[in-house]
Number of protein chains: 2
Amino acid sequence: MNDTRQFHLLAGQVSDRGARSDEAIYQALWEAIVEHRLSPGARLPEDALSHAFGVSRTTVRRVLQRLALEQLVTLRQNRGAQITSPTPSEARDVFRARRLMEGALLAEVLPRITPADLKALEAIHERETRAEREHAIRLSAEFHSRLVAIADSPSLSEALSQLISRTSLIIAVYGRARAGCPCEHIELIELLRAGALAPVQRWMSAHLTRIEASLDFTASGDALPDFEHLFGHHREQSAS
Amino acid sequence: MNDTRQFHLLAGQVSDRGARSDEAIYQALWEAIVEHRLSPGARLPEDALSHAFGVSRTTVRRVLQRLALEQLVTLRQNRGAQITSPTPSEARDVFRARRLMEGALLAEVLPRITPADLKALEAIHERETRAEREHAIRLSAEFHSRLVAIADSPSLSEALSQLISRTSLIIAVYGRARAGCPCEHIELIELLRAGALAPVQRWMSAHLTRIEASLDFTASGDALPDFEHLFGHHREQSAS
DNA sequence: CTGTCCTAGTTCGTATACAATCTTCGTGCC
DNA sequence: GGCACGAAGATTGTATACGAACTAGGACAG
């Protein structure tokens, strides 16, 4: 029952008290969520977190609100925070949005890409193939983030980063065995090196579609304790 | 000295105490910002707002944080909140992002558009042409929001809504006389009715480029954050 | 045995208090 | 006269206290 110990593991050396411990706590939680160390549906009691990180509930609450606005955690009136478990329709929407945005963005990426960028992407791919499952998921997200960053548009990068994070949640809920993402990225690197736009865009769209197709929406793959999403659309206070 | 009266005008009937007054306060501030009743650079003291809306600083702070994450206000350490004044490079980035996203999104909009949608857009356009300047700006934003909503993708709608709001800020800082936006929208409606994708996309791109071209970035340097406001527009719009 | 109601415990929502920081304005020195 | 320094005021950052809501467990009636 004592969640504090669990969250202590996340805390690490967050001793940057007073200054901007917000950022450190945010990073710790973000990584834990993206790496599936905290599963969708898991509750995040405020004072367990505040005790684990050694800050007051005020600070924790601020970080939780930020995560809620990014749709990584869900805040419900008087019921606290828990890791968001996306509904199937939300999941499909995220993939649709990513196909659209990443496809369009590649047109901006291709003219700007440098050999150094390709090297960086290769390095991430390299680590992906070697990493444990958990880290592989984060690295896969990092691969896509690094890719869109080449377009050098903060607005678009930020919007897509949110979608990429949410994808990790979706895989946590509906993913089976292993997503095909990591192994495939090398193909994209080759296409990028070739430099033709249309094949790159086609590949990305197919890549995302493959991942989406590998999901299993029939069952709640993980221990998913909230049926609110599945059945009743009770009034939720979720910040749009 | 007393900002409270100024903010009281925004408060309206926000008497939904205890429940979700957050949303009401957020809406009031959002509208005031988008309609340029609060100009970029204007400070938002916490206790003036809390007094005006009749809630505690805690609540105000939560709303301000949300607006900050949407980049409508800027929070600085120990210096409080003020309306964001986008830099020229941020402004250009927003327009680039909008050209990309709205262009791509139109491909999703066109197959889904219904006569009812066209009627709704026409109604907004109608009000645009008749409205005062301030309301026209909000209605112009509403026109674009309503347009992207037709694609029926919450993720994309939300991402674009943020960009649209930020555009309003950009016009507040760099806009001259009047933006050509309102009058032109009728052209888009005609093109949408015709139903050919390519002309619609071309028009939208040109539309956004026209607005961007009508801005005047010479006033302030890119590198310096907000000196133009510290020196140039030093006054807060204290009416009385 | 099952379902409902009631009570106890836990967790969250809001407000307030106090400390730290920044800003402003006045004074003194160069 | 201008600049630097310092103190007072104002504003924010953090923590804590208290009230309200939800959850869980047990007792009692059907």
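Bear in mind the structure is a predicted one, so any value in this text is a computation, not a measurement. Throughout, protein chains are lettered first and strands after them, A, B, ... in sequence-line order, and every chain is numbered starting at 1.
At whole-Å resolution of the value, CD in B/Gln65 and C1' in D/dG13 are 13 Å apart. Rounding to whole angstrom units, CZ of residue B/Phe53 and P of C/dT14 are separated by 16 Å. When rounded to the nearest whole Å, the span between CG of B/Leu64 and P of D/dT11 equals 15 Å. For the pair B/Arg76 CZ and D/dG13 P, the computed distance is 12 Å after rounding to whole Å. Atom pair A/Gln77:CD and C/dC12:P shows a separation of 12 Å (rounding to whole Å applied). The CD atom of A/Gln82 sits 14 Å away from the C1' atom of C/dC12 (whole-angstrom rounding). Atom-to-atom, CD of B/Glu46 to P of D/dT14 comes out at 11 Å; the value is rounded to the nearest Å. For the pair B/Leu75 CG and C/dT21 P, the computed distance is 19 Å after rounding to whole Å.
Contact annotation: A/Thr58 does not reach the phosphate of D/dT16 (side-chain N/O to OP1 or OP2, under 4.0 Å). Under 4.0 angstrom from either OP1 or OP2 of D/dT14 there lies no side-chain N or O belonging to A/Arg57. Between A/Arg61 and the phosphate of C/dT14, there is no side-chain N or O to OP1/OP2 separation shorter than 4.0 Å. The phosphate of D/dA15 has OP1 or OP2 within less than 4.0 Å of a side-chain N or O from A/Thr59.
With C/dA15, C/dT14, C/dC12 as the choices, the nucleotide that has an atom nearest any side-chain atom of B/Val55 turns out to be C/dA15. When distances are taken from the side chain of A/Asp47 to each of C/dC12, C/dT14, D/dT12, the shortest belongs to C/dC12.
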(request) Please test A/Phe95 against A/Leu215 for side chain to side chain contact (heavy atoms under 4.5 Å, CB included), starting from the C-alpha separation and ending with a verdict. (result) CA-CA 11 Å; A/Phe95 277 100; A/Leu215 301 177; 3.7 Å; yes
(request) Begin from the C-alpha positions of A/Ser50 and A/Ser56 and carry the test side chain to side chain donor-acceptor pair (under 3.5 Å) through to its verdict. (result) CA-CA 5 Å; A/Ser50 68; A/Ser56 77; over 6 Å; no
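Taking the six-membered ring for Trp and the full ring otherwise, the centers of A/His36 and A/His135 sit at least 6.0 Å from each other.
Atoms CD1 and CG, on B/Ile83 and B/Leu29 in that order, are 7.5 Å from each other to the nearest 0.5 Å. Within the model, atoms CG of A/Asp22 and CZ of A/Arg66 stand 8.0 Å from one another, a figure rounded to the nearest 0.5 Å.
The residue among B/Arg79 and A/Asn78 whose nearest nucleotide of DNA chain D is located toward the 5' end is B/Arg79.
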